[in-house]
Amino acid sequence: MTSHIDDAATLREAMVTALRDEGLITTDLVAAAMNVVPRHDFAPGEPLEKVYQTNTTLVPKIDAEGRQTSVVSASHIQAIQLEQAHVRPGMNVLEIGSGGYNAALISEIVGPTGSVTTVDIDTEVVDRARAGLARAGYDHVNVVLADGENGVAQHAPYDRIIVTVGAWDIPPAWLDQLSPDGRIVVPLRFAAITRLIAFDRTAGSPNLTAGNYRLGSFVPMQGDGAATEELIAVTPDVGLRIDQNSTLTFDVPALRKALNTTPVESWSGTPFDMPDELELYLLTNGPELPMIHASQAAVDQGVVDRTVRNGTPALVRGGTIAYRVKRENPETVSGYETGVVAHGPEAEQVGGELLAMIDAWAGGYYRRNAADIAYRPNTADTSSLTGWHTTKRHGVLAVAWS
C-alpha cells in the first residue's frame with residue numbers, strides 16, 4: 001500500500017512538472033493543488049501510469065449511440081481551466097458538470113474559507129463524484145444532482161463558474177448566480193467549433209467580455225442546455241458541419257463531383273503554427289464557412305488532405321470547395337507552411353479567396369488571443385457589439401478582430 005502511495009506521488013509530481021514545462025500551469029496555487037489531490041481516487045482500477053498522463057481522459061461513460069456523455073477530463077485541460085479561472089483562496093465556486101477530481105482541485109485552492117459546489121444531471125456521475133471526493137478527503141464539497149442549465153441557486157452568488165461540459169449558450173441562471181465581478185470559464189460551442197473562454201462580467205451589467213480563450217474539447221451538455229449541429233454528408237466519408245442556427249445550403253452532388261477532380265494547390269509562405277487561431281479567424285471574419293470533416297478512409301484514399309481529419313474551415317462556392325492544408329517548409333519558423341487545396345470548376349478563384357483570408361490573418365492577427373469576444377444576454381442592448389455575430393437562445397455572441 002505504501003509503495004502504491006509513493007508511486008502515485010512520484011507520478012503526480014512528474015505530471016505537474018510536465019504541465020509546467022508546457023506552460024499550462026503558470027501559478028503555484030494550481031501546481032500545489034495538482035501535486036496534492038490524488039487523481040487516482042477518482043478513477044479506481046485504472047493503471048497509475050494512465051491516470052497521471054497529461055493528455056488522457058478517464059472513466060468515460062458511453063450512451064446507447066456510442067457517444068461519450070461524461071469523462072474525467074485530461075489533466076492538461078483542467079490545468080488550463082484553473083489558470084483561466086484565476087481561482088483564489090476564500091472564493092465560492094460553482095462547477096457545471098461533475099467528475100469529482102476537478103472539484104477537489106478547486107477545493108484545495110479555495111481552502112477552508114472557500115466553498116465549492118459541483119452539479120451534474122447524471123445520477124451515476126454524481127454518485128461516482130461523491131465516492132471519489134470521499135476517498136480523497138474532500139467530502140465537504142457540495143455535490144448536487146440537477147440540470148446544470150439552472151446552476152445551483154442555493155449556494156450563490158459565485159465568484160467563479162467553471163463549466164466542464166461543452167455548452168452552446170450561457171443560460172440566464174449562470175449570470176444571475178455570478179457575483180458582480182465574477183468570471184465564467186466555459187467551453188462555448190459556436191460556428192461548429194469549441195473555444196474555452198474566460199468571460200468577465202462588465203461592472204454593473206450582465207454583459208460578458210473576454211480576451212482569453214483556448215482550444216479545448218468537451219463532452220456536450222445534456223438537459224435543457226443541449227444543442228445539436230448538422231453534419232451534411234458529401235460522401236460517406238466526407239461531411240460539412242454547420243452550427244444549429246446556420247442558414248448555409250450546399251449543392252451536394254456538385255461538391256461530390258468536385259472531390260473527384262484534381263485539386264489546385266496554392267501556398268502562403270505563412271508558418272503553420274497556431275492553426276486554432278487561424279481557424280477562429282476564418283470562421284468569424286468573412287463569409288460563413290462550414291467545417292469540413294473526413295474519416296481516415298477518405299484521407300487514406302487521397303480524397304482529402306490529412307488536415308481534414310479533425311475538421312478545418314472550408315470555403316464553398318457552388319460546386320467548388322477550398323480548405324486549409326500544410327506542407328513542410330524549413331524556411332518557416334515552425335518548419336511547416338500554410339496553404340490551400342481547392343476542388344471544382346472555380347478552384348483557382350475560390351482557393352485564391354481563401355488564401356487571401358489567410359494572408360490577412362498573417363498580416364494583422366498572427367498572435368495568441370487576437371480576438372475580442374463578447375456576450376450580451378437577450379435583456380441587454382446589443383447595438384454596441386462589433387464584428388461577427390451569432391444569435392443564440394439566451395443572447396448574442398460577438399467576435400471582433402482589432
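In this chain, residues are counted from 1 in sequence order.
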Self-check item: Donor-acceptor under 3.5 Å (H76 side chain, T54 main chain)
Solution: yes

Exercise. Can you establish whether the number of heavy atoms outside D28 located under 6.0 Å from its atom CG is more than 12?
Key: no

Quiz item: Taking D159 for the side chain and N92 for the main chain, is one N or O donor matched with an acceptor at less than 3.5 Å?
Solution: yes

Quiz item: Taking D276 as the fixed residue, which of R368, R324, R214 is the one that meets the salt bridge (Lys or Arg N to Asp or Glu O under 4.0 Å) rule?
Solution: R368

Quiz prompt | Exercise: do Q222 and D122 side chains pair donor with acceptor under 3.5 Å | solution = no

Self-check item: Validation row: Y375, H394 side chains within 4.5 angstrom (heavy atoms)
Solution: yes

Quiz item: So, does T312 use its side chain to make a donor-acceptor pair with the main chain of V308 at under 3.5 Å?
Solution: no

Practice problem: Without swapping roles, check the side chain of N378 against the backbone of G395 for a donor-acceptor pair under 3.5 Å. | Solution: yes

Quiz item: CH2/W361 to CG/L278 distance, rounded to the nearest 0.5 angstrom?
Solution: 5.0 Å

Quiz prompt | Any donor-acceptor pair under 3.5 Å from R309 side chain to A294 backbone | solution = yes

Quiz item: Hey, are the side chains of E95 and Q81 touching, using non-hydrogen atoms and a 4.5 Å cut-off?
Solution: no

Exercise. May I ask you to decide if Q84's main-chain N or O and R183's side chain share a donor-acceptor pair within less than 3.5 Å?
Key: yes

Quiz item: Salt bridge or not for R256 and D251, using N-O below 4.0 Å?
Solution: no

Self-check item: Main-chain N/O of V143 paired to R130 side chain as donor or acceptor, under 3.5 Å
Solution: yes

Quiz prompt | Nearest-0.5 Å distance that lies between atom CG in L11 and atom CG in D7 | solution = 6.5 Å

Self-check item: Shortest non-hydrogen contact from P38 toward A136
Solution: CG-CB, 3.8 Å

Quiz item: With a 4.5 Å limit on heavy-atom distance, are the side chains of F218 and L196 in contact?
Solution: yes

Quiz item: Would the number of heavy atoms belonging to other residues, nucleotides or ligands and lying under 6.0 Å from CD of Q296 be above 12?
Solution: yes

Practice problem: Measure the spacing between CE of M291 and CD of E229 and express it to the nearest 0.5 Å. | Solution: 9.5 Å

Quiz item: Heavy atoms, side chains only, cut-off 4.5 Å: are V304 and V299 in contact?
Solution: yes

Exercise. Return the minimal non-hydrogen interatomic distance between G97 and T164, and the atom names on each side.
Key: O-OG1, 2.7 Å

Quiz item: How many angstroms lie between atom NZ of K392 and atom CH2 of W168, to the nearest 0.5 angstrom?
Solution: 4.5 Å

Exercise. Locate the shortest heavy-atom distance separating A85 from V185; write the atom from each residue and the value.
Key: CA-CG2, 3.5 Å

Quiz item: Are side-chain N/O atoms of T307 and D305 paired as donor and acceptor at under 3.5 Å?
Solution: yes

Self-check item: Test item: R317 and E353 side chains (from C-beta on) under 4.5 Å apart, heavy atoms
Solution: yes

Quiz prompt | Residue pair L283, W388: steps toward the side-chain contact (heavy atoms from CB on, under 4.5 Å) verdict | solution = CA-CA 9 Å; L283 292 169; W388 176 90; over 6 Å; no

Quiz item: Would you call P44 and R135 a side-chain contact if the rule is heavy atoms closer than 4.5 Å?
Solution: yes

Quiz item: Between D224 and D147, is there a donor-acceptor pair closer than 3.5 Å when you use the side chain of the first and the backbone of the second?
Solution: no

Quiz item: Can R39 and E46 be counted as an ion pair, charged N to O under 4.0 angstrom?
Solution: no

Quiz item: Under 3.5 Å, side chain of Y138 to main-chain N/O of G100, donor-acceptor pair present?
Solution: no

Exercise. Could you verify whether a donor N or O on one side chain and an acceptor N or O on the other, from N245 and T390, lie under 3.5 Å apart?
Key: yes

Quiz prompt | Salt bridge present between R327 and E265 (N-O < 4.0 angstrom) | solution = no

Self-check item: Point-to-point distance, once rounded to the nearest 0.5 Å, from CD of E279 to CG of L289
Solution: 10.5 Å

Exercise. Could you go through the side-chain contact (heavy atoms from CB on, under 4.5 Å) check for L282 and L354 one step at a time?
Key: CA-CA 8 Å; L282 294 176; L354 183 59; 4.1 Å; yes

Quiz item: Which atom names give the shortest non-hydrogen contact between L208 and I170, and what distance separates them?
Solution: CD1-CD1, 3.8 Å

Self-check item: Residues forming a ring-ring contact (aromatic ring centres under 6.0 Å, His included) with F250, sequence neighbours excluded
Solution: none

Quiz item: Which atoms form the tightest heavy-atom contact between D372 and S402, and what is the distance?
Solution: OD2-OG, 3.3 Å

Quiz item: Between I321 and L240, does a side-chain contact (heavy atoms from CB on, under 4.5 Å) hold up when you go through it step by step?
Solution: CA-CA 11 Å; I321 184 168; L240 299 173; 3.9 Å; yes

Exercise. Quick one: sort the W401 and Y281 rings into parallel, tilted or perpendicular, breaks at 30° and 60°.
Key: perpendicular

Quiz item: Could you walk me through whether D237 and T235 pass the side-chain hydrogen bond (donor to acceptor under 3.5 Å, both in side chains) check?
Solution: CA-CA 5 Å; D237 295 306; T235 76; 5.2 Å; no

Self-check item: Residue pair S246 / E288, side-chain donor-acceptor N/O under 3.5 Å
Solution: yes

Exercise. Would you check if the side chain of R12 reaches a backbone N or O of V16 as a donor-acceptor pair within less than 3.5 Å?
Key: no

Quiz item: Without hydrogens or angle criteria, can the side chains of T26 and E83 be said to hold a donor-acceptor pair below 3.5 Å?
Solution: yes

Exercise. Go through F272 and T338 one step at a time and tell me if the side-chain contact (heavy atoms from CB on, under 4.5 Å) criterion holds.
Key: CA-CA 5 Å; F272 189 91; T338 304; 3.5 Å; yes

Self-check item: Gap between atom CZ of R160 and atom CG of L94 - 0.5 Å precision
Solution: 13.0 Å

Quiz prompt | H389, NE2: over 12 other non-hydrogen atoms inside 6.0 angstrom | solution = yes

Practice problem: Count the heavy atoms belonging to other residues, nucleotides or ligands that lie under 6.0 Å from CD of E22, then report whether that count exceeds 12. | Solution: yes

Quiz item: If you take all heavy atoms of L188 and D169, which pair is closest and at what distance?
Solution: CD1-N, 3.9 Å

Quiz item: Any side-chain donor paired with an acceptor under 3.5 Å for T118 and S98?
Solution: yes

Exercise. Determine whether the side chains of Y213 and E277 contain a donor N or O and an acceptor N or O closer than 3.5 Å.
Key: yes

